[in-house]
Amino acid sequence: QLQLVESGGGLVQPGGSLRLSCAASGFTLNYYVIGWFRQAPGKEREGVSCISSAGTTYYAESVKGRFTISRDEARNTVYLQMNSLKPEDTAVYYCAARRTTYRSTYYYRAEYEYPYWGQGTQVTVSS
C-alpha cells in the first residue's frame, strides 16, 4: 500500500530553517515524481518544489534560492530544506507522489497531476 508521511514541521522565527521529510512506503522513488505543496489559511494549495525520478528539480519562484529538495533512495525519503524562512511561508506542507517511468527527468508541477498525498505538516514562521 502506497503511503507518504510528512514530518519536520514546527514553529520557527523569521530567517530560521526547517527540514521537512516525506517518508515513502509501498513504492520506490526510482519510479515516482515527488512534489511538495503548501496551503496557507484562506488560500489555495500551491506548488513549492518537485523532484523527478531521475533527480531533476523544480522550484516555485517564491522559494527559489531558499528551499532545496533532495532525496535519499536508501531511506526512500524526500527532503525539503527550507532556509531564510519568511512569515509568508507559513502553511501546511504536503508531499505528493505520481508514478512515472524509471529514472525519468520529467516532473509534474500541477496539483491535479498527483494522485497520492500525505497528511501534511504545519510550518509556522513567526517571531
For this session: Group every Ile, Leu, Val, Met, Phe, Trp and Tyr by side-chain heavy-atom contacts under 4.5 Å, then state whether Val48 and Val125 land in the same group.
Result: yes
Exercise. Do you know which two heavy atoms are closest between Ala97 and Pro115, and how far apart they sit?
Worked result: O-CD, 3.2 Å
Seminar exercise, completed: When rounded to the nearest 0.5 Å, the distance separating CD of Gln1 from CD of Gln3 is 6.5 Å
Exercise. Do you reckon Ile34 sits in the same ILVMFWY cluster as Val63, going by side-chain contacts under 4.5 Å, direct or chained?
Worked result: yes
Problem set entry | Tyr79 side chain near Leu20 side chain, heavy-atom distance below 4.5 Å | no
For this session: Taking all non-hydrogen atoms of both residues into account, name the closest pair between Val92 and Gly120 and its distance.
Result: CG1-CA, 3.9 Å
For this session: Examine the side chains of Arg66 and Asn83 and answer whether a donor and an acceptor come within less than 3.5 Å of each other.
Result: no
Problem set entry | Close side-chain approach of Thr90 to Val123, heavy-atom, < 4.5 Å | no
Seminar exercise, completed: Here the pair of heavy atoms bringing Ala74 nearest to Asp72 is N-OD1, 3.0 Å
Problem set entry | Any Leu80 side-chain heavy atom under 4.5 Å of Phe67 side chain | yes
For this session: Considering only NZ, NE, NH1 and NH2 on the basic side and carboxylate oxygens on the acidic side, decide whether Glu73 and Arg103 come within less than 4.0 Å.
Result: yes
Exercise. Could you go step by step and tell me if Glu6 and Tyr93 meet the side-chain contact (heavy atoms from CB on, under 4.5 Å) rule?
Worked result: CA-CA 8 Å; Glu6 302 97 334; Tyr93 283 70; over 6 Å; no
For this session: Name all pairs fulfilling the disulfide (SG to SG under 2.5 Å) condition that reach into residues 1-46, sequence neighbours left out, sorted by first residue then second.
Result: Cys22-Cys95
Exercise. What do you reckon, is CD of Glu88 surrounded by more than 12 foreign heavy atoms closer than 6.0 Å?
Worked result: yes
Exercise. Using the ring of each side chain (for Trp, its six-membered ring), is Trp117 parallel, tilted or perpendicular to Tyr94, with breaks at 30° and 60°?
Worked result: perpendicular
For this session: Applying side-chain contact (heavy atoms from CB on, under 4.5 Å), run through Thr56 and Ile51 and close with a yes or a no.
Result: CA-CA 6 Å; Thr56 53; Ile51 186 165; over 6 Å; no
Problem set entry | Common cluster, Tyr108/Tyr116, ILVMFWY with side-chain heavy-atom separation under 4.5 Å | no
For this session: Check the pair Val33, Tyr106 against side-chain contact (heavy atoms from CB on, under 4.5 Å), reporting the backbone distance first and the verdict last.
Result: CA-CA 8 Å; Val33 177; Tyr106 189 80; 5.9 Å; no
For this session: Look up atom CG in Leu18 and atom CG in Asp89, then write down how far apart they are to the nearest 0.5 Å.
Result: 10.0 Å
Problem set entry | side chain to side chain contact (heavy atoms under 4.5 Å, CB included) partners of Ser62, counting only residues at least two apart | Arg38, Ala60
Exercise. Rounded to the nearest 0.5 Å, how far does CZ of Arg19 lie from CD of Gln81?
Worked result: 7.0 Å
For this session: Just jot down the side chain to side chain contact (heavy atoms under 4.5 Å, CB included) partners of Ser127, sequence neighbours excluded, or say none.
Result: Pro14
Seminar exercise, completed: Rounding to 0.5 Å, atoms SG (Cys50) and CZ (Arg109) come to a distance of 8.0 Å
Exercise. If you measure from CG on Leu29 to CZ on Arg75, what distance do you get to the nearest 0.5 Å?
Worked result: 13.0 Å
Exercise. Just by distance, do the side chain of Thr124 and the backbone of Leu11 share a donor-acceptor pair under 3.5 Å?
Worked result: no
Exercise. Between Phe37 and Tyr114, what is the ring plane arrangement, given parallel below 30°, perpendicular above 60°, and tilted in between?
Worked result: perpendicular
For this session: Could you check if a side-chain atom of Leu2 sits within less than 4.5 angstrom of a side-chain atom of Ser25, using non-hydrogen atoms only?
Result: no
For this session: Side-chain contact test, heavy atoms from C-beta onward, threshold under 4.5 Å: evaluate it for Ser53 versus Tyr31 and give yes or no.
Result: no
For this session: Give the minimum heavy-atom separation between Gly8 and Thr121, together with the two atoms involved.
Result: N-OG1, 4.3 Å
Problem set entry | Gap separating the OG atom of Ser52 from the CZ atom of Arg98, nearest 0.5 angstrom | 13.5 Å
Exercise. For Tyr59 and Ile69, what are the C-alpha separation, side-chain angles and deciding distance, and is it a side-chain contact (heavy atoms from CB on, under 4.5 Å)?
Worked result: CA-CA 9 Å; Tyr59 298 95; Ile69 191 170; 3.4 Å; yes
